[in-house]
Amino acid sequence: MAGLLIAFTGEGQLFQIWPTHAMKRFPQATLYDRSAKVTAFRQAEAKLGKDGWLNPEGQAAARRTAQNLANPTEVDATVTFSGPLQNGVVKVKCKTGAEKVFQIRLNSLDDRAIEQAFFNVDAAITRCKVGAPMA
């Protein structure tokens, strides 16, 4: 879906699989990794730039990173992951406040199994953009 802005966060094996699936499923979307690990790296980059440890180009990039951390982009949906492949939990929260939680059981890593496992998650993300109520 064109113009869709999706943030994702969390931990676990589902978190590691979903971004690749999302790039296939939502090729026109912009994905924002807001996981704790990436946020920590971005904070470290901003600090290195602020402390003068980077070259001028790096300092400019670090300033942009600090601005992005201070003012995160508003997204259509935030997807939060937890748990293992066989018994994971995925929460989709729309910017409108609507929220839906899914239990995911992924027994295989082939494309078809991944598509089936995330089918309802994908539908909930799409509904965040079009403003349709979540069932």
Side-chain angles (χ1 to χ4, degrees):
M1 172 170 275
L4 190 60
L5 304 175
I6 307 169
F8 59 100
T9 187
E11 47 79 25
Q13 296 166 321
L14 289 174
F15 173 78
Q16 296 167 4
I17 292 170
W18 187 80
T20 303
H21 165 75
M23 286 186 276
K24 294 175 187 175
R25 177 64 178 89
F26 304 106
Q28 301 299 316
T30 302
L31 303 177
Y32 297 92
D33 185 339
R34 295 194 177 152
S35 64
K37 189 178 287 188
V38 169
T39 299
F41 284 128
R42 294 175 74 208
Q43 290 168 338
E45 176 191 10
K47 183 171 179 0
L48 287 171
K50 183 179 179 184
D51 293 347
W53 290 101
L54 302 175
N55 63 21
E57 295 84 13
Q59 288 180 0
R63 279 192 297 278
R64 288 189 301 274
T65 296
Q67 290 171 345
N68 289 336
L69 285 168
N71 302 302
T73 302
E74 183 178 279
V75 295
D76 298 304
T78 300
V79 185
T80 305
F81 299 87
S82 62
L85 292 175
Q86 295 81 13
N87 194 25
V89 175
V90 180
K91 179 172 74 171
V92 176
K93 184 172 183 179
C94 300
K95 70 179 173 184
T96 62
E99 191 174 298
K100 187 83 173 175
V101 178
F102 302 93
Q103 189 77 31
I104 303 291
R105 289 183 180 83
L106 187 57
N107 296 317
S108 172
L109 294 177
D110 63 84
D111 286 344
R112 182 178 168 99
I114 292 170
E115 287 175 17
Q116 288 175 340
F118 289 119
F119 179 81
N120 289 323
V121 172
D122 295 344
I125 292 168
T126 302
R127 283 192 293 275
C128 286
K129 180 65 175 181
V130 297
M134 290 194 198

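These values consider heavy atoms only, across backbone and side chains, with no hydrogens, waters or symmetry-generated copies. Along the sequence shown, the residues carry numbers beginning at 1.
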Verdict with supporting geometry, L69 and Q43, side chain to side chain contact (heavy atoms under 4.5 Å, CB included) | CA-CA 8 Å; L69 285 168; Q43 290 168 338; 3.9 Å; yes
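- When every heavy atom of I104 is checked against every heavy atom of V121, the shortest pair comes out as CD1-CG2, 4.0 Å.
- Looking at D33 and F15, their side chains come closer than 4.5 Å, going by heavy atoms from C-beta outward.
- Hydrophobic clustering of Ile, Leu, Val, Met, Phe, Trp and Tyr side chains at less than 4.5 Å, counting indirect connections, unites I125 with F102.
- Across R25, R127, K100, K24, a single residue satisfies salt bridge (charged side-chain N to carboxylate O under 4.0 Å, His left out) together with D122, and that is R25.
- Residues I114 and L109 share a closest heavy-atom pair of CD1-O, 3.4 Å.
- With D51 contributing its side chain and W53 its backbone, the two residues share no donor-acceptor pair below 3.5 Å.
- When all heavy atoms of M23 and L31 are compared, the pair lying nearest together is CG-CD1, 3.8 Å.
- Atom NZ of K95 is separated from atom CG of D76 by 4.5 Å, given to the nearest 0.5 angstrom.
- For the pair R34/T73, a side-chain contact is recorded, criterion being any heavy-atom separation below 4.5 Å from C-beta on.
- When all heavy atoms of L85 and Q13 are compared, the closest pair comes out as N-OE1, 3.1 Å.
- Using a 4.5 Å heavy-atom threshold, the side chains of E99 and C94 count as separate.
- In this structure the side chain of N107 reaches within 4.5 angstrom of the side chain of Q86, judged on heavy atoms.
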Between T78 and Y32, is a side chain to side chain contact (heavy atoms under 4.5 Å, CB included) present by the stated rule, with each step listed?
-> CA-CA 9 Å; T78 300; Y32 297 92; over 6 Å; no
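- Classification of the F81-F118 ring pair by plane angle, with boundaries at 30° and 60°, yields perpendicular.
- Of all the heavy atoms in L4 and K129, the pair that sits closest is CD1-CB, 3.3 Å.
- Minimum heavy-atom separation, C128 to A77: SG-CB, 3.8 Å.
- Using a 3.5 Å distance cut-off with no hydrogens or angles, the side chains of N87 and Q103 do pair a donor with an acceptor.
- Atom-to-atom distance recorded for T9:OG1 and K93:NZ is 13.0 Å, nearest 0.5 angstrom.
- Residues L5 and V79 do not share a hydrophobic cluster, clusters being chains of Ile/Leu/Val/Met/Phe/Trp/Tyr side chains in contact below 4.5 Å.
- The NZ atom of K50 lies 8.0 Å from the NZ atom of K47; values are rounded to the nearest 0.5 Å.
- One hydrophobic cluster, built from ILVMFWY side chains closer than 4.5 Å, holds both I17 and V92.
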